[in-house]
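Computation of the quantities below employed the complete heavy-atom set of this structure, encompassing side-chain atoms and omitting hydrogens, waters and symmetry-equivalent molecules.
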Amino acid sequence: MSLTLKNFRPVGFNDPVDVIHIGPDGMIRDEAAEGAVPVDCGGAYLSAGWSDLHVHVWHGGTDISVRASEAGRATGVTSMADAGSAGEANFHGLREYVIDPAAETVRAFLNIGSIGLVACNRVPELIDMRSIDIDRTLAVIEANRDVICGIKVRASGVIVGSWGITPAKIAKRIAEMCELPLMVHVGEPPPLIDEVFDILTPGDIVTHCFNGKRAGSIRDTPALWAQARQLSDSGVRMDIGHGAASFDFDVARRAISEGFKPWSISTDLHLRNIAGPVHDLATTASKLLAVGLGLEDAVTAITTNPRSIIGLGGPDGMAAGRRADFTVFDLADCDMIATDSDGGVLRLEKVLEPRMTIIGADVQAAARRIGAPR
């Protein structure tokens, strides 16, 4: 089936157009194909497909993961990165049962811990040196270069215990050897967050960047705040990674008011937060709007930036010859109380409301998980 998309407001594109023609092969064309079906977007915004850089979708392979479909198109997301659910010992299952068959584009950050998040936090993946197999990790990366987009390490006390910064240093070395970015989960020490910051270089990703954990937040001291800003300015990417325990309205509001913007907005979606406080990417991005982030910055943080890690185009997504990959959404009025990970509450007056996704020549309806705004 061929499509012609019309009646939309493009956002986040370098060379926006008023009409998009999609051929039966799912590729964008300059001219409409014969018999193309018109798709009226109802005057809504149209962006590159939304991308969630931090999800957990190794459903059945870990005790916290949701299905990729629950993190994906039904809520406006067309691509995502599983952030360390699998390590070298079980990555083959993530690939065969999740990445390859998914309707969405799914990539993965490989956990430096061999077992990944099989029994998340109950059996930490980084107990001691037996938890990491460097040779097997390197072999898995080489065999799966097409879908592994980085290395993941959870550098917080509940995971590493007295081992401290060492697992993060090993993960960084592996990332450097393979020329991949390192995604670091930051939180409660050990290690201290400044110890983590000291090993990062441009292109690396700090997830949970606006957490409110004591001795684990960028706002703990003026010196740490200055270091975080310097890293961001140098090209280290700050990612939201909302999660069940890693996003604080006050930290986010203060940072954004001082010009410190997140590079990417992600959910850290899993079974323990999908029913709240996270819900989905649309609700998470709406929380960032409520604490002061502009719409265009929010769209960039859920399209262009994370899509670049996953290996997809963003601002050039309307060009002929590219595979169609779009999210259609409204910026809708609402009156809703939202919750952060620390019990803080905030009233949302505007929400991103996904309406549909287009991948290739396939159109599917989308909506926020917690329902349309009232």
TODO: Determine whether more than 12 heavy atoms belonging to other residues, nucleotides or ligands lie under 6.0 Å from atom CZ of R9.
DONE: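 More than 12 heavy atoms, drawn from other residues, nucleotides or ligands, come within 6.0 Å of this atom.
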
Open item on the list: Test salt bridge (charged side-chain N to carboxylate O under 4.0 Å, His left out) on K6 and D40; report intermediate values, then the result.
Closed with: CA-CA 5 Å; K6 58 183 181 178; D40 188 338; over 6 Å; no

Open item on the list: Walk me through whether T207 and F109 qualify under side-chain contact (heavy atoms from CB on, under 4.5 Å).
Closed with: CA-CA 12 Å; T207 194; F109 289 87; over 6 Å; no

TODO: Mind jotting down which residue pairs meet the side-chain hydrogen bond (donor to acceptor under 3.5 Å, both in side chains) criterion with at least one end in residues 23-38? Sequence neighbours excluded, please.
DONE: none

Run the salt-bridge test on [X] and [Y] with the 4.0 Å N-O cut-off and return the result as yes or no.
X    : Y    : value
R219 : D250 : no
D340 : K287 : no
E188 : R214 : no
R95  : D82  : no

Considering residues at least two apart in sequence or located in another chain, which fulfil the side chain to side chain donor-acceptor pair (under 3.5 Å) criterion with [X]?
X    : value
Q227 : D198
T78  : D325
E104 : none

Have [X] and [Y] got a donor and an acceptor in their side chains that come within less than 3.5 Å?
X    : Y    : result
D280 : T283 : yes
N305 : R237 : no
S264 : D239 : yes
T357 : R73  : yes
H242 : T284 : no
T105 : S79  : no

- [ ] Could you give me the CA-CA distance, side-chain angles and deciding distance for R254 and D248, then say whether salt bridge (charged side-chain N to carboxylate O under 4.0 Å, His left out) is met?
- [x] CA-CA 10 Å; R254 290 179 63 191; D248 184 278; over 6 Å; no

Task: Transitive ILVMFWY side-chain link L331 to V11, under 4.5 Å - done: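 Yes.
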
Open item on the list: Quick check: is F210 connected to V55 through a chain of hydrophobic side chains (ILVMFWY, heavy atoms under 4.5 Å apart)?
Closed with: yes

Open item on the list: Give me each pair satisfying ring pair (Phe, Tyr, Trp, His ring centres under 6.0 Å) with a member in residues 149-202, each pair once, sequence neighbours excluded.
Closed with: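 Qualifying pairs: H185-H208.
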
TODO: Quick one: do L180 and R145 satisfy side-chain contact (heavy atoms from CB on, under 4.5 Å)? Show the steps, please.
DONE: CA-CA 10 Å; L180 290 170; R145 282 278 187 177; 4.0 Å; yes

Task: Linked hydrophobic residues, F326 as query - side chain contacts closer than 4.5 Å - done: M1, L3, L5, F8, F13, V17, I20, I22, I28, V37, V39, L46, M318, V328, M356, I358, V363

